[in-house]
Structures are given as structure tokens and as C-alpha cells.
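Per chain, numbering begins at 1; letters A, B, ... match sequence-line order. If you're wondering where the values come from, they're calculated on a predicted model, not measured in any experiment.
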Number of protein chains: 2
Amino acid sequence: MLLRDNIYRSIRQAILTCEFPPGQELREQMLAQRYHVSRSPIRDSLLRLEQENLVTVLPRQGYRVNPISISDAEDIFGLRLLIEPACAVAAARADNEALRTLDRFRDFANEERTESEFVEYNRTFHRTIADLSGNARMAAVAVDLDEQFERLVRVSLRVFKYEQVRVASTEHEAIIDALQAHDADLASRLSYEHSANAQSRIVTALRLVAEAWVQPVEAPRTME
Amino acid sequence: MLLRDNIYRSIRQAILTCEFPPGQELREQMLAQRYHVSRSPIRDSLLRLEQENLVTVLPRQGYRVNPISISDAEDIFGLRLLIEPACAVAAARADNEALRTLDRFRDFANEERTESEFVEYNRTFHRTIADLSGNARMAAVAVDLDEQFERLVRVSLRVFKYEQVRVASTEHEAIIDALQAHDADLASRLSYEHSANAQSRIVTALRLVAEAWVQPVEAPRTME
DNA sequence: TGGGTTACACTTGCATGTAAGTGACGTGTA
DNA sequence: TACACGTCACTTACATGCAAGTGTAACCCA
């Protein structure tokens, strides 16, 4: 296993869980010490994360965890509303055997769940449907969007706690039913509504925490 | 300007124009000599290109320009059929002043055009519409897809020459008309048909050059 | 002959050194 | 005071060194 891949995943995870919060400044040296490696694999990882829109490189100054802007979040939402139903439509054409594997996502809310369990469950569910679409590129876009989304979910969960766990789980089961019945139209519609619901909750939450992590518009810094 | 950005663009361009053809093996050393720099910026560029699905890194062995597989091309096409009309729908909501800038894409086929001029024109047209959508993320996906697409177009142009220049240009003007009339439905449908037409030409061309650059399906796919 | 082993050439992964760009701050001057 | 201007600390960009992983081919031995 390549060192840089582990480092990459670690830093990425730290950003997505907001351990490195939006706006956080990152230094190669600091991360190198933290992970006990040289600057090289750190550098590789940070450049990769820049490609993913998770950090910004300020040449010869450092790196910064990308702030969450409302307009960027809305862009992500708009794309998701397009991609997720499309994945569902394609997935509805999968064969019965493959669709039966979705059963493992039923009955999730029957037990008490932690935040991490919910995030993990949610990610795996959406990723599985993306894979079932049979279009690797589409799945890649969907997964990427979901991961960007996840950071927003984390922020939102701090506001809405777990009330959404049961709601989401119920909506998931309806989507599973539609897919297993090969009803592409229904699956698409449910998928769209599921995304829209999640997003409206999140956008509300984002506005609530706007002062802390969400950047409305880039403002000049030295104005005193 | 950072050295690595120039190098990145150069290598990328070489891949997209098939100067580095699909399947070509790349070596850091070889590229470093070619561009008169050390391995560092070459390395940065290659890792970035890996993220874009243009090259594959074989750890401790080297790099390879990704072959074009029919199934991957079909995946790209499928996604394009989803994204391009969505961009058009969003772009139809742009204001009149912005939409008037599309006029510069009219009358392209009135003069003789080189292959490069056509590719450039085509890219700029699609990118402009993506930008007009007002969704930066969607535009980024659209641009990325278009660039992947471009490599396929290059292959296809060697077969169909320039017969498609006039066709494409006419279709573009129809899309411009629809957008400037704010007719989102029509723009969407025309955009879909335009993509579908281009793709069917390309897929035919791909099959013709299959032996040289195109990798047949390696693994059985889940669908179809 | 053929299976296993070893040595080697080759290429990148990671570590480290050096130079150059950037912003901050203090100083001098009008 | 307000504004250039020079200095300095800090951080990355790029260069280079070295070690480790991989594939190949020669070689040994049954």
C-alpha cells in the first residue's frame, strides 16, 4: 500500500468530518509531523484534495480547507437532483439478483444509531445504487457528489440531530421497493424527492451555522 | 505562473490530441527531459492526470495513457446525454444580454475550417453554455466530460473528416435560437439530439479504429 | 527439459535540500 | 499622518538523492 494513499484518506476523512473545519489553514510541515512522514506524500495528498474541491492551494503560502458557501452548496444540490434520479433509473434495469442485495439497507432505523453509523449507512446506500446503474462514470460523479454532500450533512446533523434518521430510512425503503419492482419512473421520482427533502433540511441548517463555517461571499480581510 | 501548471496542460493536450496515443507508456524521466524540468512538476502533473482518468499509475512501474474502451465511451456518452440538456435548460434562464454572446458561434461553417479550428469552436461553444447554466459544479462536470469526449472526437475525425462540421454548426445555431427564445424544453431536446448524433458518429468511428487504440470490453458488465 | 531461484536493470515512492514568492512589519521621508 | 520601501520570516515549488518494489532473464539443479 502506498503511503500517500493512506495519508490522502486520512486528511480527506479529517476534512469531511470537520475535524479540519472549513476555512482551516493547513501546512505541509504540520501535517508531515502529524502523520510522521516527509512532506512529499503530504504534498501529493493535498494536490489531490485540491482537485476534489476540498482544499485550495495558495501558491507559496499554504493550503486552506475550502469554506462552504451557500451558492456552492446549492450547485451541489442541483447536480444531485439530476444525478441521483438518473442513477435510480439506470439501476432499475439491473437484474433481480443484484437488486436483492439492496435488502441489507432495510430496517436500519429499528435500532438506535450513532451519527457515524447513519453517515456510513447513507453513503453505502447511495453508492450501491450508483454502482447498480452500470455506468462507471456516472457512479463516479454520484460518489463524488455524495462525498461533498457528506460534509454538509455533518454540519446539518449538528442542528437536526437524528430526527432525520427515521425519515431517510423510510424513504430509502420506498426507493428499494420501486427498484426491485423495476419501476424506473417511481424510483426516479422517489429519489428526487428524497434528495430534495434532505437538501431542504441541510440548507436550513447551513443558514443557522452560517457565521461559523459557511462563507456567504468572499470578503476583503484588511478593512479596519 | 507555476511550472507544473504549464507542464500539466502540455501533457494533457498531448494526450487529448493523441500525440501521446491511448496505451502509450510514459516515464517521468522521459517527460522531464522533454520539458527540461525535474521529475517533480512532471510527477505532480501525472498524478493530476490520473485523477482525470487520462492516465493510469502503475506503482513503481510507470504511467500509461488510458486506452479508450467502448464501454467507457458509452458511459461518457450516457452521462453527456444527461448533463448537456440539463446545462441547456439552466442556460435558457440566463438573461438576454448574456445569451446574446452566443451569436459569435453562428455562421461558423461559412468558411473552410481546419480540424483544430473545429475542435476549438466546438469546445468553446459547449463550455459557454455550461457557464451560462450558472451552476459552477455542473459546468465543471460538463467541461470535464467534454474534454474526455474531445479525445474521442479526434479519433472520430480521422474517419469522418469534416462532413460533420456543417452538421454540427447547423445544430448549434438551432440550440442558440432556442436558448435566446428562452425555450428551455426545445433547447433541451435539441441539445440531446445534438449529443446523440455526434455520439452515434463517434461510436461508429471507434469501432473502425478498434484494433489500434480502442480496448474491447475487458470485463463483462453488469448490464446489457 | 522445466521449475524455481537469484541477480539486475529500471522506475517510482519518499526524504531532503535549496531557491524563490508572499505578506507583515518596521523605518524613513514628505 | 500617510505612504513608499526595504527587510525578514515563512511557506511552498522545484531539484535531487536514495531506497524499495517490479518484471525479466539468466542460471542452477533435478
Side-chain angles (χ1 to χ4, degrees), chain A residues 1-15 19-67 215 217-224, chain B residues 1-15 19-67 215 218-219:
Chain A
M1 174 60 69
L2 262 44
L3 207 41
R4 65 163 176 242
D5 291 330
N6 286 324
I7 304 286
Y8 161 76
R9 270 192 282 273
S10 299
I11 299 179
R12 189 163 191 286
Q13 193 59 16
I15 293 173
E19 183 187 344
F20 295 156
Q24 168 93 258
E25 307 249 319
L26 302 177
R27 298 284 169 267
E28 291 182 355
Q29 199 63 251
M30 169 273 254
L31 292 169
Q33 284 167 5
R34 182 185 175 114
Y35 295 110
H36 306 101
V37 295
S38 80
R39 285 162 36 222
S40 297
I42 299 291
R43 187 184 167 64
D44 292 345
S45 302
L46 288 170
L47 291 178
R48 200 159 151 194
L49 289 165
E50 188 201 19
Q51 288 270 100
E52 286 185 55
N53 275 297
L54 284 176
V55 312
T56 296
V57 180
L58 304 119
R60 293 190 163 88
Q61 294 175 59
Y63 304 79
R64 187 177 54 215
V65 176
N66 278 354
Q215 228 183 23
V217 179
E218 193 70 35
R221 290 177 56 205
T222 55
M223 278 297 283
E224 278 92 308
Chain B
M1 173 59 69
L2 263 44
L3 206 41
R4 65 163 176 241
D5 292 330
N6 287 323
I7 305 283
Y8 160 76
R9 270 192 283 272
S10 300
I11 300 178
R12 188 164 193 286
Q13 192 60 17
I15 294 173
E19 183 188 343
F20 295 156
Q24 169 93 258
E25 306 250 317
L26 302 176
R27 298 284 168 268
E28 291 182 355
Q29 200 63 251
M30 169 274 254
L31 292 168
Q33 284 168 4
R34 181 186 175 113
Y35 295 110
H36 307 101
V37 295
S38 79
R39 284 169 41 220
S40 298
I42 298 290
R43 187 184 167 65
D44 291 346
S45 302
L46 288 171
L47 291 178
R48 198 158 152 194
L49 289 165
E50 187 200 20
Q51 286 270 101
E52 287 185 54
N53 275 295
L54 284 176
V55 311
T56 296
V57 180
L58 304 119
R60 292 189 164 89
Q61 294 174 58
Y63 303 80
R64 189 177 53 217
V65 177
N66 279 354
Q215 229 181 27
E218 324 77 19

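When rounded to the nearest whole Å, the span between CE of A:Met1 and C1' of C:dC14 equals 16 Å. The interatomic distance linking A:Asp5 (CG) with C:dT12 (P) rounds to 16 Å, in whole Å. When rounded to the nearest whole Å, the span between CD of B:Glu25 and P of C:dC10 equals 15 Å. Rounded to an integer number of Å, the gap from CZ of B:Arg4 to C1' of C:dA20 is 14 Å. Rounded to a whole Å, the CZ atom of B:Arg64 is 14 Å from the P atom of C:dT12. Taking atom OH of residue A:Tyr35 and atom C1' of nucleotide C:dC14, one finds them 17 Å apart after rounding to whole Å. C:dC14 atom C1' lies 10 Å from atom CG of A:Leu2, rounded to whole Å. Protein atom NE2 of A:His36 is 12 Å distant from nucleotide atom P of C:dA15, rounded to whole Å.
Looking at A:Leu31, A:Ile7, A:Val57 one by one, the single match for side chain to side chain contact (heavy atoms under 4.5 Å, CB included) with A:Leu46 turns out to be A:Leu31.
In this structure, A:Arg60 and B:Gly62 both approach DNA chain C, and ranking their closest nucleotides by distance from the 5' end singles out B:Gly62.
Here the range on DNA chain D touched by chain B, meaning any atom under 4.0 Å from one of its heavy atoms, is D:dA13 to D:dG23.
Between atom CD of residue A:Gln33 and atom OG of residue A:Ser38 there is a gap of 12.0 Å, rounded to the nearest 0.5 Å. Here the straight-line distance linking atom CZ of A:Arg27 with atom CD1 of A:Ile42 works out to 13.5 Å at 0.5 Å rounding. Atom CG in B:Leu49 sits 9.0 Å away from atom CG in B:Leu26 (nearest 0.5 Å). Atoms CZ and CG, from B:Arg4 and B:Leu47 in turn, are 11.0 Å apart once rounded to the nearest 0.5 Å. Here the CZ atom belonging to A:Arg43 is positioned 10.0 Å from the CZ atom belonging to B:Arg43, to the nearest 0.5 angstrom.
Scanning both residues, B:Tyr8 and B:Ser45, for their nearest heavy atoms gives N-OG, 3.2 Å. The two atoms that bring A:Glu19 and A:Gln24 nearest to each other are O-NE2, 4.4 Å, heavy atoms only.
Pairs of residues two or more places apart, or lying in two chains, that qualify as salt bridge (Lys or Arg N to Asp or Glu O under 4.0 Å) and include a residue from residues 50-61 of chain A are A:Arg12-A:Glu52.
Listed by residue number, B:Arg39, B:Ser40, B:Pro41 are the residues of residues 39-58 of chain B with a heavy-atom contact under 4.0 Å to DNA chain D.
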